[in-house]
Amino acid sequence: MTTPLDFTHETRPVRVVFRSGASVTATPGEVARLALHRVLVVSGGRGTEAAHAVAAALGDSCAGVHSGARMHVPVEVADEAVEAVRAAGADGCVAVGGGSAIGLGKAIALRTGLPLIAVPSTYSGSEMTSVWGLTEQGVKRTGRDSSVQPRCVVYDPDLTLGLPVPLSVTSGVNALAHAVEALYAPDASPLVSLMAEEGVRAMAGALPGVAADPGDPQARGRALYGAWLCGSCLGSTTMGLHHKLCHVLGGTFGLPHAETHTVLLPYTLAHNAAAAPEAVAVLARALDTDDVPRALRELAGRLGAPRTLAELGMKEADLARAATQLAAESFPNPREVTANGVLGLLTAAYEGWEPRSETP
Ligand code: NAD
C-alpha cells in the first residue's frame, strides 16, 4: 500500500541554460537579459582559466575577475570579495567554479543584494539552492535566503572535462547524497521524487564513463545533467542525518567536503533505510539493485574513491564526540537520531565495514 499524497511544492524562479560551450556562448546573453552592465566574475584559485574565458566573452560587461574563493567561505574572504565588488562598481556577479566559487558569489549576493549568475564546474549542486554558508573562527553558519539563489545557471559540460577523476567521483556522490536525502525529507513532493530518481540514474550511470574517459563529452553531459537534478532536489527540501553529519565532520573535525559525503552516504542510508522504505525503493529502481547502500559503496570504491573515515584523517578517539555533537542538534530525519546510533554508523564508516541496512 502506498502513502496517500500529501505535499507542498514551491518552484523557485531560476533560469537554466544547459549546452556544450554555454559558459562562453550563453553567459553574455544571460547577463544582458538581466540588464546588467558591469559584472564581477568570481572564481577559486584553481578555476581561473575558465573564469578568464568567461570574462573575455563578456567583454565590456565584465568589471574584472576576483579569484579569491576558498572552501566554506571564510568571512574574511567574503569581506574582500564585497570590497572588490564595490571597488569595481559592479552591478552583479558571475560565479565560475565549484561550490566554493558559487558560495562566494552567494556571500556577495547576501551582503549586497546584487544578482548572481552561476556557471558550475563541479557536480556539488550549490547553484540550484538558496542556501548560503559562511565560516567564522572555525564555525560554519548556514542559512536560506532567496537573494542568494542564482537568477540564472549556465551548465556547460565542456567546463567539467578537466575536472580530475577523484574530484568528479566524490562531487558526483555529493550530488547523489542530495537526491537520497530529498527522497525522505519532510518537504519532499512527487516532483522531487521524480527528479531524485532520474538524477541518481543519470549520475550513477555517468560516473563510470567519466572515470574511464574523463574527456568523454557524453559522460560529462550526463553527469552534469544528474548534478542539475540532484542540486534541484537539495534546493527544494530540508536535509537530514547525512548532510548534518557531514557538516559536523567538516566544520568541527576539518574533514574534506565531497570525500566525507562519499564515505558516509552508504552508512547513513543503511542507518535510515528501514524507516524510509519508499525512498529505498526509488533508489533501488534508479540503481538497478536490491541492496542500495552496498551498491553506492561499491560504485564509489570501484572508481577509486576513499572508503573509510580513517583514510580522510578522522581520529577514532573523536567518533564519540562527533556522535554526541550531532545528536544534540535538531533536524528532520526518518529515524530518531541518538548518539549511540550515530556512533555505530560512524564506527562502521571509520573501519570500512560492509554497510548493513538496520532495523530501528
Ligand atoms: P570546490 O568548489 O571547493 O572545488 C574543489 C577544487 O576543485 C578546488 O580547488 C577548485 O578550484 C577545483 N575545481 C573546480 N572545478 C574544477 C574543474 N572543472 N577543473 C579542475 N579543477 C576544478 O568543491 P565543491 O565540492 O564543488 O564545493 C564544496 C563547497 O561547496 C563546500 O564549501 C560546500 O559546503 C559547498 N556546497 C554548498 C552547497 C549549498 O547549497 N550552499 C551545496 C553543495 C556544496
Side-chain angles (χ1 to χ4, degrees), residues 12 14 23 42-54 67-75 77-78 95-107 109-110 116 118-135 139-150 153 155-179 181-182 210 214-215 217 220 223-224 227-228 230-239 242-251 254-262 305:
R12 295 196 180 82
V14 186
S23 56
V42 288
S43 76
R46 275 209 267 160
T48 47
E49 208 177 295
H52 283 286
V54 171
S67 47
R70 291 217 329 258
M71 180 95 69
H72 303 314
V73 198
V75 271
V77 166
V96 182
S100 298
I102 295 166
L104 183 57
K106 288 176 164 182
L110 187 68
L116 173 64
V119 186
S121 66
T122 69
Y123 306 133
S124 62
S126 177
E127 66 280 358
M128 290 308 297
T129 84
S130 60
V131 179
W132 55 266
L134 277 169
T135 303
V139 179
K140 184 168 177 178
R141 286 183 298 127
T142 60
R144 277 184 195 265
D145 192 305
S146 56
S147 69
V148 311
Q149 169 74 63
V153 180
Y155 283 109
D156 177 359
D158 295 2
L159 266 196
T160 64
L161 292 173
L163 186 65
V165 168
L167 253 172
S168 302
V169 172
T170 53
S171 98
V173 179
N174 186 184
L176 294 178
H178 306 329
E181 289 227 292
V210 166
R220 288 294 189 179
L224 199 58
W228 166 53
C230 295
S232 302
C233 291
L234 176 67
S236 300
T237 55
T238 310
M239 297 287 106
H242 173 79
H243 280 72
K244 289 291 171 191
L245 190 50
C246 291
H247 198 142
V248 166
L249 296 190
L255 263 55
H257 179 80
E259 291 86 341
T260 305
H261 272 276
T262 303

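Just the heavy atoms: all of them, side chains too, but no hydrogens, waters or symmetry mates, feed the values below. In listed order, ligands and their atoms are each counted from 1.
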Go through ligand 1 atom by atom and flag the ones less than 4.0 Å from a non-hydrogen atom of L159.
18 (N)
Do any nitrogen or oxygen atoms of W132 lie less than 3.5 angstrom from nitrogen or oxygen atoms of ligand 1?
no
Any nitrogen or oxygen of S121, side chain or backbone, less than 3.5 Å from one on ligand 1?
yes
If you compare all heavy atoms of V96 against all heavy atoms of A101, which two are closest, and at what distance to 0.1 Å?
O-CB, 3.5 Å
Please report the interatomic distance OG1(T160) to CG(D158), rounded to the nearest 0.5 Å.
7.5 Å
Does G162 have a heavy atom less than 4.0 Å from any atom of ligand 1?
yes
Determine whether the side chain, the backbone, both or neither of L234 has a heavy atom under 4.0 Å from any heavy atom of ligand 1.
side chain
Numbered in order shown, the ligand 1 atoms found under 4.0 Å of a heavy atom of H72 are 31 (C), 32 (O), 34 (O)
Between atom CG of L176 and atom OG1 of T262, what is the distance when rounded to the nearest 0.5 Å?
8.5 Å
Got an N/O contact under 3.5 Å between G44 and ligand 1?
no
Please determine if S124 has a nitrogen or oxygen closer than 3.5 Å to a nitrogen or oxygen of ligand 1.
yes
Interfacing atoms of ligand 1 (cut-off 4.0 Å, heavy-atom, G98)
2 (O), 26 (O)
Would you say A69 contacts ligand 1, with heavy atoms under 4.0 Å as the rule?
no
Results of side chain to side chain contact (heavy atoms under 4.5 Å, CB included) for P217 - residues two or more places apart only
none
Would you name the heavy atoms of S232 and M128 that are closest together and state the gap between them?
OG-CE, 3.5 Å
Answer yes or no: is there a donor N or O on one side and an acceptor on the other, between the side chain of E259 and the main chain of L167, under 3.5 Å?
no
Any N/O pair N174/ligand 1 closer than 3.5 Å:
no
Assess whether side chain to side chain donor-acceptor pair (under 3.5 Å) is satisfied between R70 and T135, documenting all intermediate values.
CA-CA 10 Å; R70 291 217 329 258; T135 303; over 6 Å; no
Is the closest N or O pair between L167 and ligand 1 shorter than 3.5 Å?
no
No-hydrogen, no-angle side-chain donor-acceptor test under 3.5 Å, H242 and E181
no
Applying a 4.0 Å heavy-atom criterion (strictly less than), which segment of L163 is in contact with ligand 1: side chain, backbone, both, or neither?
both
Of the side chain and backbone of V131, name the one, both, or neither that has a heavy atom under 4.0 Å from an atom of ligand 1.
both
K106 heavy atoms, cut-off 4.0 Å: which ligand 1 atoms fall inside?
39 (C), 40 (O), 41 (N)
Suppose I only count heavy atoms of T129 and a 4.0 Å limit; which atoms of ligand 1 are within that range?
39 (C), 40 (O), 41 (N)
Distance flag, aromatic centroids of H261 and H257, threshold under 6.0 Å:
yes
Would you give the length of the straight line joining atom OG of S43 to atom NE2 of H52, rounded to the nearest 0.5 angstrom?
6.5 Å
Does the side chain to side chain contact (heavy atoms under 4.5 Å, CB included) test come out yes or no for H243 and L234, once each step is laid out?
CA-CA 10 Å; H243 280 72; L234 176 67; 4.1 Å; yes
Can you check whether P157's main-chain N or O pairs, donor with acceptor, with R220's side chain at less than 3.5 Å?
no
Please name all residues satisfying side-chain hydrogen bond (donor to acceptor under 3.5 Å, both in side chains) with T237, sequence neighbours left out, ordered by chain then number.
none
Under-4.0 Å heavy-atom contact with ligand 1, by part of H257 that carries it
side chain
What about S171: any of its N or O atoms under 3.5 Å from an N or O on ligand 1?
no
Is it the side chain (CB and beyond), the backbone, both or neither of P164 that lies under 4.0 Å from ligand 1, heavy atoms counted?
side chain
May I ask whether M128 has any heavy atom positioned less than 4.0 angstrom from an atom of ligand 1?
no
Distance under 4.0 Å to a non-hydrogen atom of G99: what atoms of ligand 1 satisfy this?
2 (O), 24 (P), 26 (O), 27 (O), 29 (C), 30 (O)
Min heavy-atom dist S100 to ligand 1 below 4.0 Å
yes
